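Here the structure comes first, spelled out in structure tokens, and everything after it is commentary.
So that the names make sense, note that chain A is the first sequence line, chain B the second, and so on, each numbered from 1. All figures in this text were calculated on a predicted structure; none of them were measured in a lab. Every heavy atom of this structure was used, including side-chain atoms; hydrogens, water molecules and symmetry mates were not.
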Amino acid sequence: MESIGVLMMCPMNSYLENELQKRYNLHRFWTCPEKSVFLETHRSSIRAIVGNASVGADAKLIDDLPKLEIISSFSVGVDKIDLGKCKEKGIRVTNTPDVLTEDVADLAIGLILALLRRLCECDRYVRSGKWKYGDFQLTTKFSGKSVGIIGLGRIGAAIAKRAQGFNCPINYFSRTEKPDVGYKYYPTVVELAQNSDILVVACALTDETRHIVNREVMDALGAKGVLINIGRGPHIDEKEMVKALTEGRLGGAGLDVFEQEPHVPEELFGLENVVLLPHVASATVETRTAMADLVMGNLEAHFAGKPLLTQVV
Amino acid sequence: MDFASSSLFTADFAYENELDLSSLITPSTFIPFQEPNPSIPTIHCAGAENDGRQRIRETTTTDEIITNEDVEPKNKKAKRREIERHRRQEVTSLFGNLRYILPSQYIKGKRSSSDHVQEAVNYIKDLEKKIKEISLKRDRIKRSLSHSSSTGECSIRSLESSYCSCDGDTHINVKVRTCLVGIEIVASCCFRQESCLSSILQLLVQEQCLDVVSCISSRLHPRFIHTIVCESKSMAEESPLVLVHRPPTMKYMDEPLTRYYRILTTHTSSDPLPVFLSRHASSVRAVVSIGRFKIDADFLSRLPSLQLIVCTSVGTDHVDLPECNRRGIAVTNAGGAYSEDVADYAVGLLISFLRRIPAADRYVRSGKWARCGEFQLGIKLSGKRIGILGLGSIGSLIAKRLEPFGCIISYNSTRQKQSIPYLYYPDVVSLAANNDVIVLCCALNDQTRHIVNREVMEALGKKGIIINVGRGGLIDEKEMVKCLVEGVIGGAGLDAFEKEPGVPVELFGLDNVVLSPHCAIATPGSFDNVVELALANLKAFFSNQPLISPVRLN
């Protein structure tokens with residue numbers, strides 16, 4: 001097969017890397033010392049980009065690669081890709097929905113439990129030997145707490161289903177009300193926050209949803225409410241959130257994503273009422289393999305002239 | 001002082017000021033009961049006016065009679081009239097006094113003379129009853145003040161012998177006497193003995209039929225004089241005595257219990273436990289057991305009247321159940337009070353283990369994410385096979401929570417349960433062999449001790465996971481540590497250990513464990529539930545109703 005140039009934007013999965021290496025002429029962007037020189041040299045051979053949640057393809061990169069036909073993202077969120085530019089130039093974009101839905105929903109519940117029941121603290125407490133000197137403090141019950149979900153898509157619905165097993169009443173905010181779901185709809189995020197004990201961000205990142213959780217929402221959630229983010233860092237006004245947490249206006253937060261990953265506001269490191277994770281919502285061996293297969297499958301379909309598996313644009 | 005004419009004079013006033021009322025009822029005012037006679041004017045007592053005085057309206061028909069009679073008996077009639085008028089005046093003053101003296105509830109709605117006299121009699125009888133009650137209370141107070149108190153928490157005698165650095169008289173003097181509202185205690189102590197007053201007040205507060213009304217302390221150098229007045233509450237019968245066997249830090253049952261019972265705590269006495277029990281707890285019919293303090297045959301032998309043990313835990317392995325069975329002592333536990341919280345916690349431990357949440361959190365906080373790149377991958381939960389050991393109230397709630405995660409549930413239990421949609425395995429080894437995770441939530445007893453042994457762990461396999469929210473004794477801990485270190489099993493999430501709070505140190509350095517300090521139940525809601533349940537069990541017991549959460553003893 002003629003060597004199709006595929007540009008991988010950052011290290012994301014060694015299995016995917018190996019497979020891509022086998023099938024295509026794989027260029028590892030992060031290893032190039034002079035990126036602009038590299039792009040000059042290979043502009044006519046690169047026909048596909050593989051990006052992920054951290055690094056995608058902006059307008060400049062797309063312009064620099066005139067032979068680009070497809071961008072296959074190793075993630076479900078495509079906010080790091082200039083979709084407008086792709087539409088304009090007829091470049092196709094695919095992502096990895098469904099295969100990671102369960103893991104992300106599992107982690108959302110895991111974050112809630114770890115936060116409310118202080119599981120990380122408990123583990124530290126025992127390992128430090130402190131248990132010999134006294135019992136751990138009381139923690140907060142999860143069962144029965146009201147859960148408010150921003151975005152009732154695949155992931156949001158999966159979170160709702162799991163939370164119901166804990167007898168939690170489910171509220172949600174969405175662009176449009178969904179009549180058959182049986183959960184309570186709120187037309188604004190502030191009202192959702194006012195009426196929920198736990199607020200979960202599970203929508204896509206677009207211009208409309210940037211900083212959808214702002215100061216007003218966090219104040220409505222309040223000192224007894226907790227915030228869970230398994231969406232994208234920019235969903236939350238991070239500066240405001242740090243202030244709200246350190247000042248005690250917000251009860252707690254379980255965060256898997258941040259505005260400037262992998263940089264996390266250091267003020268959070270000393271707080272007991274937060275759980276901080278390094279963007280691992282889809283990070284299981286099984287799921288990452290399935291995601292890699294989906295990336296491979298989309299690329300294969302494209303270059304064979306077959307219909308794409310999971311097309312976004 | 002003419003009481004009757006003073007508008008300040010009321011029955012309550014008299015009561016409060018210990019006025020001797022007996023002089024107001026004089027022999028001359030005693031009126032023998034008479035049949036109503038039309039020739040004798042009847043006296044109608046109108047209701048009390050605002051100034052408390054009574055108006056008397058009288059009618060007389062004597063004038064009519066007089067005109068028709070001769071003059072001869074005129075003097076006799078005049079004399080009789082005089083006597084009548086005198087009598088009327090006496091009656092007036094009697095009723096005036098009665099209406100002033102009797103408390104309002106006795107004179108309300110009463111108009112006739114005989115009613116008033118009857119109410120006066122009732123009042124005297126009530127007072128006599130009250131005096132009797134109060135003297136009984138006073139005697140009891142006197143007894144408990146002069147001996148060491150029933151709670152062992154403080155005794156005046158020990159205060160008297162406590163060290164005091166001043167040269168003066170360190171003796172504590174206590175006098176108890178009755179007063180209008182109840183009893184009055186006058187205690188004098190050396191001015192340095194600050195705990196004297198609080199000790200007395202503590203004793204009084206525990207006395208269920210007394211309310212402390214006032215407490216005045218005055219300094220008479222070098223001594224303090226504390227005057228405490230207590231009002232007696234009438235109580236139908238003395239509330240039962242309940243023994244509370246708990247560690248000093250676990251106080252949450254004390255206040256709720258004292259609302260209905262008198263309590264005796266085992267940890268506050270300086271006597272060794274067996275001595276304390278024999279001395280103070282021979283009449284105790286119920287024990288509340290909090291924490292892990294053992295209730296063994298020796299403990300039980302010192303409580304001859306014991307009929308009920310209320311445990312605030314779900315586990316009853318710290319109680320000698322066979323001995324209770326032999327003695328006919330019922331045992332209740334926390335039933336389902338904690339089940340939701342324990343089930344939540346078990347799921348939390350499992351997700352935390354599989355997705356490496358505590359380790360990932362440490363990774364971020366240490367700054368490694370920025371420096372070292374991506375964290376290692378975790379393990380998917382959805383689709384895992386979960387084997388639950390013990391499908392009781394906790395086990396079934398765990399199953400209910402894990403089903404929406406796409407997990408496949410199976411179980412092993414003492415008995416296979418009908419109409420349960422989960423697969424049943426007849427023994428623990430086959431449960432372990434056919435599952436990715438085993439969750440331990442069964443009771444610890446002789447049959448289940450070390451039920452998870454080497455054989456079970458080998459069957460579970462090197463990807464297998466143990467989640468323990470039961471008791472540490474369910475697992476052969478030594479073997480488990482070896483299996484974890486050697487990779488015989490994949491990992492564990494542990495909330496309980498064999499020798500809490502001791503945890504095998506080998507576990508501290510392992511990546512494939514999540515450790516927890518036995519806090520699966522520890523939310524405020526759980527404690528509220530268990531308090532409610534314990535009180536309900538005690539109430540049922542003392543009113544001969546069926547117990548709410550009895551434990552099977554055999």
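Summarising the local packing, NZ of B:Lys482 is surrounded by 12 or fewer heavy atoms from other residues, nucleotides or ligands at distances under 6.0 Å. Other residues, nucleotides and ligands contribute at most 12 non-hydrogen atoms within 6.0 Å of the NZ atom of B:Lys462. Residue B:Glu255 qualifies as enclosed at atom CD: its count of foreign heavy atoms under 6.0 Å is above 12. At most 12 non-hydrogen atoms from other residues, nucleotides or ligands lie less than 6.0 angstrom from CD of B:Glu532. The environment of A:Gln137 atom CD is dense: over 12 non-hydrogen atoms of other residues, nucleotides or ligands sit within 6.0 angstrom.
In this structure, the side chains of A:Asn167 and B:Glu340 come closer than 4.5 Å at one or more pairs of heavy atoms. Counting heavy atoms from C-beta on, the side chains of B:Val347 and A:Leu113 come closer than 4.5 Å. Using a 4.5 Å cut-off on side-chain heavy atoms (C-beta onward), A:Trp131 and B:His518 make contact. Taking 4.5 Å as the limit, every side-chain heavy atom of B:Tyr345 sits out of range of all side-chain heavy atoms of A:Thr139. Residues A:Leu277 and B:Arg355 have side chains not in contact (no heavy-atom distance under 4.5 Å, counting atoms from C-beta outward). B:Arg401 has its side chain within reach of A:Ser143: a pair of non-hydrogen atoms, C-beta onward, lies under 4.5 Å apart. Within the 4.5 Å cutoff, side-chain heavy atoms of A:His279 are placed close to those of B:Trp369.
For the residue pair A:Val264 and B:Val364, the shortest heavy atom distance occurs at CG2-CG1, 3.8 Å. A pairwise comparison of heavy atoms in B:Cys519 and A:Cys122 identifies SG-SG, 3.5 Å as the closest pair. Residues B:Asp341 and A:Arg117 share a closest heavy-atom pair of O-NH1, 3.0 Å. A pairwise comparison of heavy atoms in A:Arg127 and B:Leu507 identifies NH1-O, 3.6 Å as the closest pair. Minimum heavy-atom separation, A:Pro278 to B:Phe375: CG-CB, 3.6 Å. Residues A:Asp103 and B:Leu381 approach most closely at OD1-N, 4.4 Å, considering heavy atoms.
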Exercise. Could you go step by step and tell me if B:Ile357 and A:Leu107 meet the side-chain contact (heavy atoms from CB on, under 4.5 Å) rule?
Worked result: CA-CA 9 Å; B:Ile357 294 179; A:Leu107 191 79; 4.2 Å; yes

Exercise. Step by step, would you call B:Glu403 with A:Lys161 a salt bridge (Lys or Arg N to Asp or Glu O under 4.0 Å)?
Worked result: CA-CA 10 Å; B:Glu403 275 192 291; A:Lys161 193 170 114 194; over 6 Å; no

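Interface summary for chain A: among B:Ile351, B:Leu377, B:Ile379, the most heavy-atom pairs under 4.5 angstrom belong to B:Leu377. Among B:Val514, B:Thr523, B:Leu349, the residue making the largest number of heavy-atom pairs under 4.5 Å with chain A is B:Thr523. With chain B as partner, the option from A:His263, A:Met12, A:Arg124 having the largest number of non-hydrogen pairs under 4.5 angstrom is A:Arg124. Ranking A:Leu111, A:Val274, A:Leu116 against chain B, the residue ahead of the rest is A:Val274, based on heavy-atom pairs under 4.5 Å.
With values rounded to the nearest 0.5 angstrom, B:Ser516 atom OG is found 8.5 Å from A:Phe136 atom CZ. Rounded to the nearest 0.5 angstrom, B:Phe353 CZ and A:Leu119 CG are separated by 14.0 Å.
Here the options are A:Asp106, A:Thr284, A:Thr101, the test is side-chain hydrogen bond (donor to acceptor under 3.5 Å, both in side chains), and the partner is B:Ser382; only A:Asp106 passes.
Between the side chain of B:Asp361 and the backbone N or O of A:Cys120 there is no donor-acceptor pair closer than 3.5 Å. In this structure, the side chain of A:Asp123 does not engage the main chain of B:Pro358 through any donor-acceptor pair within 3.5 Å.
A salt bridge between B:Glu374 and A:Arg288 is present, with a side-chain N of the basic residue lying under 4.0 Å from a carboxylate O of the acidic one.
Contact of A:Leu271 with chain B is made through the backbone alone, with heavy-atom distances under 4.5 Å. Only the backbone of A:Ser282 has a heavy atom closer than 4.5 Å to any heavy atom of chain B. Both the backbone and the side chain of B:Val513 come within less than 4.5 Å of a heavy atom of chain A. The contact between B:Leu510 and chain A is made entirely by backbone atoms, counting heavy-atom distances below 4.5 Å. Interface remark: A:Tyr125 contributes side-chain atoms only to the contact with chain B (heavy atom separation under 4.5 Å).
With a 6.0 Å cutoff to the six-membered ring centre and a 45° limit on the axis angle, A:Arg162 counts as a cation-pi contact of B:Phe405.
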